[in-house]
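Worksheet: the structure to be examined is printed underneath.
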Amino acid sequence: MARQYVQDMTSGNETSLLLKFSLPMLIGNIFQQFYNMVDSIVVGNYVGKEALAAVGMTASLNFLYFSLCNGFATGAGVLISQYFGMKNERRVKDSIGNSLYLMLGMGILMSVVSVLLSAPILRLLNTPENIFQDALLYTRIVCGGLFSVVLYNGIAAMLRALGDSTTPLIFLVLSSILNIIGDLVLVLVFHMGVAGVAIATIAAQLLSALGCIAYAVLKNPYFRLKKENFRISSSLQSKMLRLGIPFGAQGSLIAFSCVALQSVINRFGSDVIAAFTATNRIEQLVQQPFNSLGTALATFTGQNLGAGNVDRVRTGYKRSCLLVVIFSLLMCAMMFIWGEDFVGLFVDDASVIAIGGRAVQITSLFYIPLGMIYIARSLLNGSGDSVFAFISGLAEVAGRIGFSIGLSAIPALGYWAVWYTTGLTWLITGIVCMLRYAQGKWKKIVLTD
């Protein structure tokens with residue numbers, strides 16, 4: 001029974017293991033992005049382009065709050081995967097028990113703080129008045145339900161650390177279906193606008209989180225915890241904080257850079273905001289294979305470093321890079337052929353479609369370095385390289401802020417500076433991540449005892 005819900009990645013063909021682990025996650029991530037796309041499609045086509053702009057411009061802000069909480073889930077996943085690689089069942093269970101304290105605390109704290117700060121932050125972002133109220137309403141509802149998002153992501157990270165990428169998929173698909181139904185009912189039937197989309201999203205996430213927890217306890221032996229597994233361990237808590245804080249900082253810095261870029265985008269008006277929202281949704285979908293493969297490589301790295309298999313990690317990295325190049329070239333070609341058609345799924349405004357179609361062609365030229373960010377960063381995260389987690393976050397901040405200021409000052413570029421900023425930030429950050437991997441310090445970073 002146990003073998004159905006855990007996967008030992010310390011032996012067997014590296015490519016096969018990575019793809020086998022990635023596939024359920026890819027399906028789940030696509031479903032997740034699909035219901036994000038449905039949010040945008042429903043809002044853009046049945047509420048209006050201003051509402052679409054309001055929902056889209058809050059994405060980076062909400063991601064900032066999520067990242068602050070989810071860093072601790074990432075840190076717990078690193079510890080669990082390394083203890084699992086060492087075949088240390090007691091420490092795996094103790095890590096699961098101790099991580100719940102951090103995630104629950106951060107989830108509740110950030111829910112309260114983010115709701116209180118929503119209005120002043122939206123003002124700081126130069127949010128246009130014609131979309132301010134919708135943006136505020138959407139942000140407050142989503143942030144109020146932040147706890148449910150953190151809970152699901154935390155449990156999913158632990159399951160994946162044990163090699164189980166299927167259980168999170170089951171409940172993510174269920175969540176996606178519920179979210180789509182909720183969107184259609186609350187927006188089309190009850191005419192609740194952006195509030196309906198936000199409520200549907202949070203309700204679906206909460207049900208998914210509760211279901212995932214129940215299923216994990218019933219089916220995965222590592223989640224059948226005893227009283228002693230919930231004892232606070234200063235050693236484990238210290239390690240989780242050492243990992244969680246930099247990982248949280250990494251995500252929050254990336255999100256902060258996106259928020260800073262959003263403030264530049266907002267200066268160009270609602271058409272450009274809507275176009276950026278549509279292209280962002282498309283790019284999020286394109287990134288899911290990178291994200292899934294990267295997460296697989298993080299688990300693969302943690303387990304194999306825990307078992308002392310450095311050469312397997314290196315092989316897994318090289319094969320992952322090859323997969324990234326193949327997929328990136330394919331996606332780039334599709335954006336040049338069907339870019340405007342993809343944007344047209346989200347909005348029926350001709351000017352927005354024209355801007356978005358050209359924009360996705362620009363950013364598609366940078367898909368290879370984008371994929372390399374996911375691969376190198378995930379390997380380094382899986383090794384416990386918490387120092388670099390912070391450094392890579394700084395690289396994205398420097399790129400998005402520096403390029404957005406410099407390029408937007410060039411009159412000939414105009415609003416196209418927004419998408420060139422995105423692509424060049426991927427390029428710079430990808431180079432930084434690959435250089436860190438080449439240094440080889442990750443081989444010595446194992447935090448288990």
Side-chain angles (χ1 to χ4, degrees), residues 1 4-7 20-43 55 59 62-63 66 69-70 73-74 76-77 96 100 103-104 107 111 138 141-190 192 194-224 281 284-285 287-289 291-292 295-296 299:
M1 178 67 71
Q4 290 182 299
Y5 300 97
V6 297
Q7 174 64 60
K20 180 181 177 181
F21 187 93
S22 297
L23 184 58
M25 286 192 9
L26 177 58
I27 295 171
N29 288 338
I30 288 175
F31 263 90
Q32 186 174 37
Q33 294 308 314
F34 178 62
Y35 77 64
N36 286 338
M37 291 172 66
V38 169
D39 284 351
S40 298
I41 291 170
V42 170
V43 171
V55 171
N62 293 333
F63 177 55
F66 298 159
C69 301
N70 291 338
T74 302
I96 292 174
L100 293 175
M103 287 185 294
L104 290 173
S111 288
Y138 184 84
I141 294 173
V142 170
C143 289
L146 179 63
F147 171 81
S148 62
V149 178
V150 173
L151 188 60
Y152 169 78
N153 287 341
I155 299 301
M158 296 178 203
L159 288 167
R160 289 167 184 150
L162 298 171
D164 179 7
S165 58
T166 301
T167 299
L169 164 66
I170 294 171
F171 291 95
L172 193 55
V173 170
L174 176 62
S175 175
S176 301
I177 294 171
L178 291 174
N179 192 94
I180 293 169
I181 294 172
D183 280 346
L184 296 174
V185 171
L186 295 179
V187 174
L188 300 185
V189 178
F190 291 98
M192 294 179 66
V194 296
V197 173
I199 292 170
T201 297
I202 292 304
Q205 282 278 5
L206 179 59
L207 291 174
S208 178
L210 295 176
C212 197
I213 292 171
Y215 195 80
V217 171
L218 287 173
K219 297 295 185 179
N220 193 311
Y222 287 95
F223 276 81
R224 294 168 196 159
R281 292 288 191 251
Q284 285 174 353
L285 189 60
Q287 290 179 49
Q288 294 321 302
N291 184 28
S292 302
T295 304
T299 299

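- When the ring-ring contact (aromatic ring centres under 6.0 Å, His included) test is applied to F147, no partner is found at least two apart in sequence or on another chain.
- One distance of note links CG of L188 with CG of D183; it measures 8.5 Å at 0.5 Å rounding.
- Separating the CG atom in L178 from the CZ atom in F171 is a distance of 11.5 Å, to the nearest 0.5 Å.
- For the residue pair A296 and M25, the shortest heavy atom distance occurs at N-CE, 4.3 Å.
- Exactly one residue among T167, V6, T299 makes a side-chain contact (heavy atoms from CB on, under 4.5 Å) with L162. That residue is V6.
- In this structure the side chain of M158 reaches within 4.5 angstrom of the side chain of L100, judged on heavy atoms.
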Practice prompt. Check the pair I141, V194 against side-chain contact (heavy atoms from CB on, under 4.5 Å), reporting the backbone distance first and the verdict last.
Written response: CA-CA 10 Å; I141 294 173; V194 296; over 6 Å; no

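- The line from CG of L26 to CG of N291 is 9.5 Å long, rounded to the nearest 0.5 Å.
- Under the 3.5 Å distance criterion, the side-chain polar atoms of S111 are left unmatched by any main-chain donor or acceptor of G145.
- Residue R160 comes nearest to P168 through the heavy atom pair NH2-CB, 3.7 Å, listed as atom of the first residue, atom of the second, then distance.
- Not counting sequence neighbours, the partners of L23 by the side-chain contact (heavy atoms from CB on, under 4.5 Å) test are I27.
- S148 places no side-chain N or O within donor-acceptor distance of the main-chain N or O of Q205, the cut-off being under 3.5 Å.
- Between the CG atom of L159 and the OH atom of Y222 there is a distance of 12.5 Å, given to the nearest 0.5 Å.
- The structure places CG of L207 at 7.5 Å from CG of L174, a figure rounded to the nearest 0.5 Å.
- With values rounded to the nearest 0.5 angstrom, I199 atom CD1 is found 12.0 Å from N179 atom CG.
- For S175 against S208, the heavy-atom pair with the smallest separation is CB-CB, 3.5 Å.
- Closest heavy-atom contact between S165 and F21: OG-O, 3.0 Å.
- Not counting sequence neighbours, Y152 has no partner by the ring-ring contact (aromatic ring centres under 6.0 Å, His included) test.
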